[in-house]
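So that the names make sense, note that chain A is the first sequence line, chain B the second, and so on, each numbered from 1. Atoms considered below: every heavy atom in the structure, side chains included; atoms not considered: hydrogens, waters and symmetry mates.
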Amino acid sequence: MSETQNNVPEVDENKIIAERRAKLKALRDIGHSYPNTFRREDSSADLHAKYDEMSKEELEAAEPVRVKVAGRMMLRRIMGKASFATLQDHEGRIQVYVTRDELPEGFYNTQFKKWDLGDIVGAEGYLFKTNTGELSVHVENIELITKSIRPLPDKFHGLQDQEVKYRQRYVDLIVNEESRDTFIMRSKIVQHVRNFLIGKGFMEVETPMMHVIPGGATAKPFNTHHNALDMPLYLRIAPELYLKRLVVGGFEKVFEINRSFRNEGLSTRHNPEFTMVEFYSAYTDYHQLMDYTEELLKELAELTVGSTQVPYQGQVFDFGKPFARLTMKEAILKYNPSAKAEQLDDLESARELAKSLNVHVEESYGLGKVMTEIFEETAEEKLMDPTFITEYPAEVSPLARRNDENPFITDRFELFIGGRELANGFNELNDAEDQAERFKAQVEAKDAGDDEAMHYDEDYITALEHGMPPTAGEGIGIDRLVMLFTDKPTIRDVLLFPHMRPVQ
RNA sequence: GGGUCGUUAGCUCAGCCGGUAGAGCAGUUGGCUUUUAACCAAUUGGUCGAGCGUUCGAAUCGCUCACGACCCA
């Protein structure tokens, strides 16, 4: 532990940084003060879109196209009295051509040539094409807008170190196009999900992220404390119970693209804070939600991959055909040829089946939980193409409505793709008395040592007692969705700032 | 939590049967007016993740720790 921990850290210097600081000092001496006066008028992507098609001769014959560009200098090639430099802006690169004799006396040698890769530069001039056909700006005026003190990673290899990519994402974004593309795609996916739901008549809402009673999922929360009120608070583990309160209130179709927090370990699929979308629709059932989900995911496949065949880590998932729909029991039987349907009818034989399949079950588990464990351990990871699994037992679905014909199960589904759970939806339990019973069972489980079991949320029961219309609701994991459609193996690759242990 | 692998110059990587650390890029100096990972010449730069041990001698062998990656629970 350094004694400077809570103070100004020691400066991490090296020769390159010292040289750049000296250059900055020289700039300050002639009046440079990180100016905010350069007004860019053209983006690299726009210029390429408009003028890449024109030939060198056409550009020369036409009226000169005057442009004003700005960006970070990523490459530079000095050839005596003339130079090329590559400027990178928010969605591309543009090359500029600079000659000594067109700049003010002495500027080229005493200023331009002393700039560094990574500096942010503004340039004005006219478009032309080089002998090799690259659209470029013939510079008549160029200025240093922002001096960069720290050197960039290797201009060709970029930044390879995973740890630095995650800890210093800004560097990763500067030098690795693939990273930029991933997060641009993430933004497009979120936007599409939002537009899809709005198009279906849903209203976007924001509900509390600090909960007095953490609810809506079985998970361990993060604890915090409100000083003025001197009370404990929890970061939400799901927005579900608040969104359903809104349905009680009469907002019949609501959704929230929400950050939720779960106090669990880190893995390639788990980050302590993560994003999902939850949506609730009154007078709708879970079959409708499955249809919505299938429609949405097919659109996302087209948007991101441009095809119904979605490649992921060497495999290809088929989004073209109708998504498979299996009950949990059917899935267990399909992937465990040795199992017989009757074995899932009573607790005793289900336990024996679990044992024969090497699935660990606790003494306290009922039949529903044993079945679910068998499913999760033996079938889940084999569901590659998009597959809905239905008929989840009530025992593992404390917020879902029971099925009318078979009260052992609920009207619920989960969606699996590539062996991973992507979505979870069900007809909402709107019977306040049944919900109170389910909460009681959860509290008993908690008292028995299950620290992920739910709390009893009295106000939520009161809300249901006012009457919630029949409703179906669903949550979709946004991070996993982005992993899938950007072909990324770990959640850290789709989080701008994934959680990391602090450096010593 | 367990196992495997990694951590060397600002970046990308060599070096690992022990003998005082190298390359390319970046930087510095010089040359070059259509280059594009520009090129040519010269040159600076390292507590080899941290600590302990073995040894005449450790980047290299052993142990502990930190951080990361992958696999397993």
Side-chain angles (χ1 to χ4, degrees), chain A residues 1-2 10-24 26 44 48 55-57 59-60 72-88 92-103 108-110 112-119 125-140 147-172 174-177 264-270 313 358-360 362 373 376-377 381 488-493 498-504:
Chain A
M1 271 311 143
S2 157
E10 284 170 42
V11 185
D12 155 32
E13 289 288 68
N14 62 45
K15 195 179 170 195
I16 294 176
I17 294 174
E19 275 166 355
R20 289 193 176 202
R21 283 195 193 281
K23 288 177 180 177
L24 174 60
S44 62
H48 285 297
S55 70
K56 181 173 167 70
E57 292 71 25
L59 264 176
E60 279 166 8
R72 194 181 293 274
M73 186 163 72
M74 301 302 291
L75 295 169
R76 186 174 52 164
R77 296 169 285 280
I78 297 176
M79 308 163 299
K81 300 175 188 66
S83 297
F84 286 96
T86 301
L87 304 187
Q88 176 171 291
R93 291 180 168 194
I94 185 81
Q95 178 171 262
V96 298
Y97 177 66
V98 180
T99 62
R100 185 194 67 180
D101 297 341
E102 288 170 280
L103 296 178
Y108 182 81
N109 283 313
T110 64
F112 175 79
K113 280 168 79 172
K114 298 211 184 320
W115 298 348
D116 292 294
L117 297 185
D119 287 351
Y126 57 89
L127 288 180
F128 77 109
K129 279 208 167 171
T130 63
N131 290 339
T132 49
E134 178 162 349
L135 187 70
S136 307
V137 178
H138 191 120
V139 167
E140 293 169 326
K147 183 65 192 167
S148 162
I149 301 300
R150 289 184 181 262
L152 289 177
D154 191 288
K155 66 185 179 185
F156 183 64
H157 299 94
L159 178 63
Q160 298 300 323
D161 189 308
Q162 283 295 341
E163 188 171 349
V164 179
K165 284 168 93 158
Y166 297 148
R167 289 190 196 277
Q168 294 183 274
R169 184 67 88 183
Y170 43 90
V171 177
D172 180 41
I174 289 169
V175 298
N176 290 333
E177 187 178 9
E264 294 158 0
L266 283 68
S267 80
T268 51
R269 290 180 295 282
H270 298 91
Q313 301 296 300
N358 249 334
V359 174
H360 175 77
E362 297 283 343
E373 286 294 317
E376 287 179 353
E377 294 300 316
E381 64 188 18
K488 290 286 179 269
T490 113
I491 194 170
R492 295 185 158 197
D493 288 335
H499 184 80
M500 301 287 279
R501 283 189 173 85
V503 271
Q504 283 281 311

Rounded [atom1] spacing from [N] to [M] in Å:
N     : M     : atom1 : answer
B/G46 : B/G10 : P     : 8 Å
B/C17 : B/A59 : P     : 14 Å
B/A58 : B/G51 : C1'   : 14 Å
B/A38 : B/C32 : C1'   : 11 Å
B/C67 : B/C25 : C1'   : 26 Å
B/A9  : B/C70 : P     : 23 Å
B/G49 : B/A21 : P     : 14 Å
B/U60 : B/G18 : P     : 12 Å

Out of [options], which nucleotide sits closest to the side chain of [X]?
X        : options             : value
A/Tyr166 : B/A69, B/C71, B/U28 : B/A69
A/Leu117 : B/U35, B/G27, B/C71 : B/G27
A/Thr268 : B/U35, B/C71, B/G68 : B/C71
A/Arg76  : B/C67, B/G27, B/G10 : B/G27

Legend entry - 5′-ward residue of the pair A/Pro151/A/Thr86 relative to RNA chain B: A/Pro151
Inset, instruction - Could you pick out which residue, A/Trp115 or A/Arg167, lies toward the 5' side of RNA chain B when each is mapped onto its nearest nucleotide? - result: A/Trp115
Tell me what [X] touches on the nucleic acid: a base, only sugar-phosphate, or nothing, going by heavy atoms under 4.0 Å.
X        : answer
A/Phe128 : base
A/Lys113 : nothing
A/Ile16  : base
A/Arg492 : sugar-phosphate
A/Thr490 : sugar-phosphate

Legend entry - Protein-to-nucleotide contact annotation, 5' to 3' order, nucleotides 11-16 of chain B [B base; S sugar-phosphate only; - none; under 4.0 Å, heavy atom]: BSS---
For [N], which nucleotide in any strand shown is its Watson-Crick or wobble partner with both distances under 3.5 Å?
N     : result
B/G49 : B/C65
B/U43 : B/G27
B/U54 : none
B/C16 : none
B/G1  : B/C72

Expressed as a whole number of angstroms, how long is the span from [X]:[atom1] to [N]:[atom2]?
X        : N     : atom1 : atom2 : answer
A/His270 : B/C72 : NE2   : P     : 14 Å
A/Phe84  : B/C39 : CZ    : C1'   : 14 Å
A/Glu381 : B/C71 : CD    : P     : 13 Å
A/Leu75  : B/A37 : CG    : C1'   : 7 Å
A/Met500 : B/C67 : CE    : C1'   : 8 Å
A/His138 : B/U33 : NE2   : P     : 14 Å
A/Leu87  : B/U35 : CG    : C1'   : 15 Å
A/Ile78  : B/C32 : CD1   : C1'   : 11 Å

Any donor-acceptor pair under 3.5 Å between the side chain of [X] and the base of [N]?
X        : N     : result
A/Tyr97  : B/U33 : yes
A/Thr99  : B/U33 : no
A/Glu134 : B/U34 : no

Residues that [X] engages under ring pair (Phe, Tyr, Trp, His ring centres under 6.0 Å), provided they are two or more places apart:
X        : result
A/Tyr108 : A/Phe112
A/Phe156 : none
A/Tyr97  : A/Phe84, A/Phe128, A/His138

Inset, instruction - Look only at the side chain of A/Lys165 and the backbone of A/Asp172, and say whether a donor-acceptor pair between them is shorter than 3.5 Å. - result: no
[X] side-chain N/O to [N] phosphate OP1/OP2 under 4.0 Å:
X        : N     : answer
A/Arg501 : B/C67 : yes
A/Arg20  : B/G10 : no
A/Arg77  : B/U35 : no

Legend entry - Neighbour count >12 (heavy atoms, 6.0 Å) for atom CD, A/Glu177: no
Legend entry - Those residues that, when tested against A/Glu376, pass salt bridge (charged side-chain N to carboxylate O under 4.0 Å, His left out) (two or more places apart): none
Inset, instruction - Please list, chain by chain and in numerical order, all residues satisfying salt bridge (charged side-chain N to carboxylate O under 4.0 Å, His left out) with A/Arg100, sequence neighbours excluded. - result: none
Legend entry - Heavy-atom check, side chain of A/Ile94 versus side chain of A/Thr86, under 4.5 Å: no
Inset, instruction - With the side chain counted from C-beta on, respond yes when A/Lys56 and A/Asn131 share a heavy-atom pair under 4.5 Å apart, and no when they do not. - result: yes
Inset, instruction - State, to 0.1 Å, how close A/Lys114 and A/Lys147 come at their nearest heavy-atom pair, and which atoms those are. - result: O-NZ, 4.2 Å
Inset, instruction - Return yes if a side-chain donor-acceptor contact under 3.5 Å exists between A/Arg76 and A/Ser83, otherwise no. - result: no
